[in-house]
Amino acid sequence: LGVEAHTDISALTFILHNMVPGLQLFYGGKWVTAKCVPNSIVMHIGDTLEILSNGKYKSILHRGLVNKEKVRISWAVFCEPPKEKIILKPLPETVSEEEPAIFPPRTFSEHIQHKLFRQSQEALVSTKGSAA
């Protein structure tokens with residue numbers, strides 16, 4: 001079944017894998033399969049770091065594919081802030097008159113709700129659009 005294209009809400013994601021390819025990243029307008037490096041841990045940036053850096057670091061769009069020949073196993077570990085205690089917003093040193101904040105302040109919990117609500121709304125719009 002794999003995992004559909006998404007970005008992670010976390011700050012960082014660490015992925016341990018069993019050397020079977022299947023992780024793909026959307027880069028340069030196309031899907032690129034990540035190379036499996038022996039004894040490695042894959043790490044990528046999530047939404048939280050993109051918000052804190054005011055977009056200087058991008059949350060990577062990625063997906064997981066199924067391998068028809070071998071069982072693919074990956075274990076993701078997410079590093080995320082407390083859901084209600086921290087207000088996510090661009091750090092002051094990333095904001096200036098030339099580069100204003102591009103993300104509104106919200107808690108991690110509010111960010112999760114915003115992302116889920118936005119995705120469900122986009123799905124509704126695309127469903128209605130294809131039915132018309």
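Considering all non-hydrogen atoms of both residues, Cys79 and Ser10 come closest at O-CB, 3.4 Å. When all heavy atoms of Ala76 and Thr13 are compared, the pair lying nearest together is CB-CG2, 4.2 Å. Lys58 approaches Gly55 most closely through the heavy-atom pair NZ-O, 2.9 Å.
Between the Thr48 side chain and the Ile9 main chain, a donor and an acceptor come within less than 3.5 Å of each other.
Checked against salt bridge (Lys or Arg N to Asp or Glu O under 4.0 Å), Lys89 has no partners two or more places apart in sequence or in another chain. Residues satisfying the side-chain hydrogen bond (donor to acceptor under 3.5 Å, both in side chains) test with Glu97, not counting sequence neighbours, are none. Qualifying side chain to side chain contact (heavy atoms under 4.5 Å, CB included) partners for Phe103, counting only residues two or more places apart in sequence or in other chains: Glu50, Ile51, Asn54, Pro90. Not counting sequence neighbours, His17 has no partner by the ring pair (Phe, Tyr, Trp, His ring centres under 6.0 Å) test. With sequence neighbours left out, Asp47 forms a salt bridge (Lys or Arg N to Asp or Glu O under 4.0 Å) with Lys115.
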Item to check | Thr107 vs Leu88, side-chain contact (heavy atoms from CB on, under 4.5 Å): CA-CA, chis, key distance, verdict | outcome: CA-CA 6 Å; Thr107 64; Leu88 291 181; over 6 Å; no

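How far NZ of Lys35 is from OG of Ser40: 12.5 Å, rounded to the nearest 0.5 Å. Here NE2 of His62 is found 11.0 Å from CD of Glu4. Values are rounded to the nearest 0.5 Å. Taken to the nearest 0.5 Å, the CD atom of Glu93 stands 11.0 Å off from the OG atom of Ser53.
You'll find the side chain of Leu49 reaches within 4.5 Å of the side chain of Leu12, heavy atoms only. No side-chain heavy atom of Trp75 sits under 4.5 Å from any side-chain heavy atom of Ile41. In this structure, Thr7 and Ile60 have side chains that are not in contact, with every pair of non-hydrogen atoms separated by 4.5 Å or more.
Hydrophobic clustering (ILVMFWY, side-chain heavy atoms < 4.5 Å, transitive): Tyr57 and Phe14 are in one cluster. Cluster membership check: Leu16 shares its hydrophobic cluster with Met43, using side-chain heavy-atom separations under 4.5 Å among Ile, Leu, Val, Met, Phe, Trp and Tyr. No continuous path of hydrophobic side-chain contacts links Ile45 to Phe78 [ILVMFWY only; heavy atoms under 4.5 Å].
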Per-pair distances, 0.1 Å, donor-acceptor, side chain in residues 18-30, under 3.5 Å, sequence neighbours excluded:
| from | atom 1 | to | atom 2 | distance (Å) |
| --- | --- | --- | --- | --- |
| Asn18 | OD1 | Ile73 | N | 3.0 |
| Asn18 | ND2 | Val71 | O | 3.0 |
| Gln24 | OE1 | Arg63 | NE | 2.7 |
| Gln24 | OE1 | Arg63 | NH2 | 2.7 |
| Gln24 | NE2 | Thr33 | OG1 | 3.0 |

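When the shell of 6.0 Å around NZ of Lys56 is examined, it contains more than 12 heavy atoms from other residues, nucleotides or ligands.
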